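Read the structure below first, then the notes.
Any value given below was found using the heavy atoms of this structure, including those in side chains, with hydrogens, waters and symmetry copies removed. Since we're looking at a predicted model, the values are computed, not measured. For ligands, and for the atoms within them, numbers begin at 1 and follow the listed sequence.
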Amino acid sequence: MAVHTRREGTTGFVELDAPPVNAIGGDIRKGLLAAVDWAEAEGLDRVILSGRGRMFSAGADIRAFGAPMTEPYLPDVLNRIERSTVPWIAAAHGAALGGGLELMLACRYRIAAPGTRLGLPEVAIGVISGAGGTQRLPRLIGLNKALDLIPAGRSVTAEAAQAIGLIDEVDGDPVAFAELTNAEWLGMKVPVSELNSGELSPEVFEAARRATGQAMPGQTAPQRAIDLIEASQHMPFDDGLIQERAAFLDLSQSAQSRALRHVFFAERAARMPERLAETPRPALERVTVIGTGPVGTGMAFALLMAGLPVTLVSTGADMPCSGRTGLDRHFGHALERGLLTPDTADARRAALTFAEDVAGVAPAGLVLDTSHGSTEEKASALAALQGGLSADAVLATTTALSEIDRLALALPEPSCLIGLHLPDVAGERGLAELLPGAATSDAAIARAFDLAQKVGRVPVLAGASRGSIGQRLLARYAEAAETVLMDGSTPWEVDEAMVAFGFAMGPFEAEDITGLDLAHAERRRQDATRDPNRRYIPIADRMVDLGKLGRKTGAGWYRYPGGGGKVDDPIVADLALEEARYAGVERCDYTAVEIRHRLLLALINEAAEILHEGLAASATDIDLVSVFGLGFPRWRGGLMHYAETLGPTKVLDGLRELSAEDPVAWRPGALIEACAAGGVTFADWRR
Ligand code: COA
């Protein structure tokens with residue numbers, strides 16, 4: 001049974017019971033409706049509604065989206081609760097999100113345990129609330145606060161919710177508190193739908209639309225949410241509910257919602273395979289991080305936040321003090337954003353040790369090497385490092401493409417070595433791509449999964465010994481972008497075209513952050529095996545020769561005067577022109593659509609190759625890598641999900657057309673050919 005009822009005296013207790021998160025499906029809706037009838041028939045003076053397990057409710061059952069809706073519908077159930085002759089009290093703990101919060105809004109009184117998260121996060125899966133959220137919330141907390149919460153899908157803690165009037169009380173035992181409320185007073189409380197949301201000028205809503213459009217470009221649901229909040233100020237509640245429901249049904253069928261739901265479930269399914277989870281291994285207790293660049297300091301901070309002691313070791317190549325400065329910056333941001341209290345920050349800092357050398361550092365079960373250098377330099381550094389570690393200590397290294405086996409050759413214990421690719425994408429959780437070598441043991445892979453889980457990154461296991469999915473995609477993306485640059489566009493035009501598609505940033509700006517020297521080193525590693533017939537774009541090499549390595553040198557594809565925002569650099573355009581003239585290229589003026597077409601097809605073709613080779617286990621893994629590691633728009637569902645919306649035949653046609661100008665770079669991958677010929681989707685293709 002998904003809803004339990006019992007009575008004690010004149011109080012009815014109704015409990016939701018649909019593990020793991022009390023998602024609201026047909027059984028809960030039916031159970032709630034029956035509970036309203038039951039409470040009225042029993043002549044109770046109150047009903048206390050709570051959830052069993054770890055939370056009140058995570059909202060409507062997302063798995064049922066797309067399937068035909070069945071009666072009773074949630075808005076009707078909630079209206080029935082709100083209009084019942086027996087007042088309902090919501091007593092929440094853990095989380096009350098989406099439909100869970102809407103359920104609370106239909107109750108007369110709302111109590112939550114400390115720390116409970118409350119919000120309407122539906123925009124994150126491409127919809128809006130479908131059971132009165134956009135109509136009741138503004139009536140309860142006012143239009144301004146509703147505008148702050150709903151379009152961004154922001155949730156708040158119980159304490160913050162009480163401060164804005166979203167709930168009435170915060171108490172460690174919400175059910176016991178509800179039992180003590182005065183029945184007469186409870187009966188006089190006005191239902192939320194009868195409150196007035198106040199009024200704001202149209203300009204305020206326009207400003208909200210603009211700000212939301214900038215923060216969540218391309219996304220439809222947040223804009224629809226603003227329309228509905230605006231409607232709540234004049235429209236009778238029942239009419240607003242009808243409009244909201246229509247918008248919800250419409251959005252839940254949309255491509256954006258399908259894409260966002262795909263990423264939602266893919267993100268949750270990305271976890272350690274059972275075979276590895278059972279591998280005996282010690283818990284992660286202390287980590288040594290080598291290298292104080294952005295990856296090293298970022299990982300050290302994330303590990304400290306996860307409560308682990310960390311030793312951060314600088315290398316000869318690191319800038320003096322960069323470790324301390326980097327960590328100060330991380331702690332400063334976390335304090336500013338209220339993610340840490342000053343006391344917790346002090347405690348976390350106390351678990352951090354800086355060292356200039358690994359010799360003498362306290363032994364750790366996992367050493368994360370983020371230093372840069374040639375394969376030879378890295379190999380000898382890792383070999384020396386492993387000499388000082390315990391036999392089962394894992395050595396994880398942020399290695400470049402397909403290098404892991406070469407590094408392993410130099411080690412006394414190659415089974416303990418694993419590669420990691422740890423890119424960050426603004427606004428996303430970040431990715432931990434696990435790159436085992438041929439000799440890497442299951443225990444080492446499992447501990448790399450443990451590491452990813454500790455720091456909250458999405459783990460993706462790349463096919464054994466074949467390098468990184470993310471780095472392969474990045475290399476092809478950069479190659480396509482630089483080809484377009486040589487053949488007629490500027491970095492600015494290319495970046496704008498990709499941002500307009502929904503990327504967090506364009507390829508040139510992103511490379512200015514990671515550093516042009518890294519890609520350069522990788523190109524040198526590939527020199528020996530590169531197809532001599534493949535067109536080589538030398539502009540990036542020229543940039544490196546000029547010392548333009550990106551933000552860290554003040555200039556890369558862009559200039560950053562005074563360390564500020566990017567500005568176009570005419571030198572880059574000159575280099576492109578010069579190289580094009582030298583190579584006899586007739587330059588042209590690509591439109592944004594043409595730029596996107598080329599860069600996306602290049603990415604899709606590479607991704608299909610990666611899948612075909614078995615480097616990625618599934619199209620979904622490529623989606624995760626592209627969203628969490630490349631900044632591909634989540635609301636397009638990831639690279640392969642997007643490719644699926646085009647269809648293999650259209651992808652193939654596009655590639656064939658481009659291969660007329662360059663048959664090597666644009667040769668369609670075997671998987672695309674096979675899917676197009678067999679009428680198979682990329683997701684269904686099996687090796
Ligand atoms: N409907 C269906 N399943 C849901 C769900 C929902 N609304 N919310 C969570 N789940 C499932 C997850 O898919 C996961 O399933 P799995 O174990 O088979 O992978 C399980 O519940 C646990 O969720 P998870 O996200 O791993 O737990 P968490 O403790 O990290 O986070 C929440 C819990 C509630 C914060 C998070 O799941 C969440 O944000 N859910 C969506 C909330 C939402 O958008 N509600 C509005 C729906 S319209």
Side-chain angles (χ1 to χ4, degrees), residues 2 16-29 51-67 69 73-75 77-78 92-105 112-113 115-134 137 149-158 161 216 219 221-222 224-225 228 244-245 247-254 256-274 277 306 428-429 449 452-459 620 624 628 634-635:
L16 308 177
D17 185 12
V21 294
N22 291 326
I24 303 172
D27 287 350
I28 285 196
R29 296 197 302 271
R52 277 193 190 172
R54 59 191 179 99
M55 66 186 68
F56 180 74
S57 169
D61 188 345
I62 305 173
R63 288 180 200 279
F65 279 32
M69 295 274 172
Y73 304 124
L74 193 56
V77 175
L78 301 197
H93 73 287
L97 299 171
L101 182 61
E102 290 177 296
L103 198 45
M104 291 185 82
L105 293 172
T116 305
R117 291 223 68 94
L118 302 118
L120 297 175
E122 288 90 343
V123 292
I125 50 163
V127 296
I128 48 137
S129 359
T134 65
L137 194 63
L149 292 185
I150 302 176
R154 206 157 71 77
S155 64
V156 289
T157 61
M216 306 167 88
Q219 300 193 45
R224 297 286 285 273
L228 286 155
E244 183 198 62
R245 190 70 183 165
F248 167 79
L249 291 174
D250 180 30
L251 288 169
S252 64
Q253 303 296 327
S254 68
Q256 284 194 8
S257 177
R258 270 199 299 280
L260 286 163
R261 274 157 23 216
H262 168 70
V263 178
F264 176 89
F265 287 118
E267 192 180 348
R268 279 157 181 82
R271 50 172 86 116
M272 191 173 340
E274 249 163 59
E428 294 289 358
R429 279 170 65 191
F449 266 108
Q453 196 250 332
K454 278 270 180 220
V455 297
R457 284 176 180 256
V458 178
T620 300
L624 289 172
F628 296 98
R634 175 191 272 259
W635 54 272

* Asked: Does any N or O atom in Ala58 lie less than 3.5 angstrom from one in ligand 1, N or O only?
  -> yes
* Part of Arg54 with heavy atoms under 4.0 Å of ligand 1, whether side chain, backbone, both or neither -> side chain
* To do: With sequence neighbours left out, write down each residue that passes side-chain hydrogen bond (donor to acceptor under 3.5 Å, both in side chains) with Arg634, or none if nothing qualifies.
  => Glu267, Glu428
* Side chain His93, main chain Arg52, donor-acceptor under 3.5 Å -> no
* Can you sort out which atoms of ligand 1 are near Arg63, meaning under 4.0 Å from one of its heavy atoms? => 13 (O), 15 (O), 16 (P), 18 (O)
* Ignoring hydrogens and angles, tell me if any N or O in the side chain of Arg261 forms a donor-acceptor pair with the backbone of Ser252 under 3.5 Å. => yes
* Contact check, side chains of Ile24 and Val77, non-hydrogen atoms, under 4.5 Å -> no
* To do: Have a look at Leu120, Val21, Leu74, Leu101 and point out the one with the heavy atom closest to atom 11 (C) of ligand 1.
  => Val21
* Selected option - heavy-atom contact closest to atom 47 (C) of ligand 1, from Gly25, Ala60, Ala124 -> Ala60
* Asked: Which of these, Leu260, Val123, Leu97, has its nearest heavy atom closest to atom 35 (C) of ligand 1?
  -> Leu97
* To do: Verify, without hydrogens or angle tests, whether Arg117 (side chain) and Ser155 (backbone) share a donor-acceptor contact under 3.5 angstrom.
  => yes
* **Donor-acceptor contact below 3.5 Å, side chain Arg258 vs main chain Gln253** => yes
* **atom 30 (O) of ligand 1: any protein heavy atom closer than 4.0 Å** => no
* Asked: Can Pro121 be said to touch ligand 1, with heavy atoms closer than 4.0 Å?
  -> yes
* **Option of least heavy-atom distance to atom 39 (O) of ligand 1 (set: Arg117, Arg271, Arg268)** => Arg268
* Asked: Looking only at atom types and distance, does a side-chain atom of Thr116 sit under 3.5 Å from a main-chain N or O of Ala113, one as donor and one as acceptor?
  -> yes
* When you measure from the side chain of Ser57 to the backbone N and O of Asn22, does any donor-acceptor pair fall under 3.5 Å? -> yes
* Run the numbers for me: atoms of ligand 1, each under 4.0 Å from some heavy atom of Phe265, listed by number. => 13 (O)
* **Where ligand 1 meets Asp61 - atom numbers and elements under 4.0 angstrom, heavy-atom basis** => 1 (N), 2 (C)
* Asked: Between the main-chain N or O of Ala23 and the side-chain N or O of Asp61, is there a donor-acceptor pair closer than 3.5 Å?
  -> no
* Asked: Relative to the heavy atoms of Phe65, which atoms of ligand 1 are at a distance of less than 4.0 Å?
  -> 48 (S)
* Which atoms of ligand 1 are found less than 4.0 Å from any heavy atom of Pro20? -> 20 (C), 21 (O)
* Measure the distance from atom 33 (C) of ligand 1 to every protein heavy atom, then report the residue, atom name and distance (to 0.1 Å) of the closest one. => Met55 CE, 3.9 Å
Side chains of residues 124-134: which donor-acceptor pairs under 3.5 Å do they make with residues two or more places apart or in other chains?
residue : atom : partner : partner atom : Å
Thr134  : OG1  : Glu244  : OE2          : 2.7

* Asked: At a 4.0 Å threshold, what atoms of ligand 1 neighbour a non-hydrogen atom of Ile62?
  -> 1 (N), 2 (C), 6 (C), 7 (N), 47 (C)
* Which part of Val127 is near ligand 1, with near meaning a heavy atom under 4.0 Å away: side chain, backbone, both or neither? -> neither
* Asked: Between Phe56 and ligand 1, which part of the residue brings a heavy atom under 4.0 Å of the ligand: side chain, backbone, both or neither?
  -> neither
* Is the cationic atom of Arg268 (NZ for Lys, CZ for Arg) positioned less than 6.0 Å from the six-membered ring centroid of Phe264 and within 45 degrees of its normal? -> yes
* Asked: Which ligand 1 atoms, with their elements, are less than 4.0 angstrom from a heavy-atom of Glu122?
  -> 48 (S)
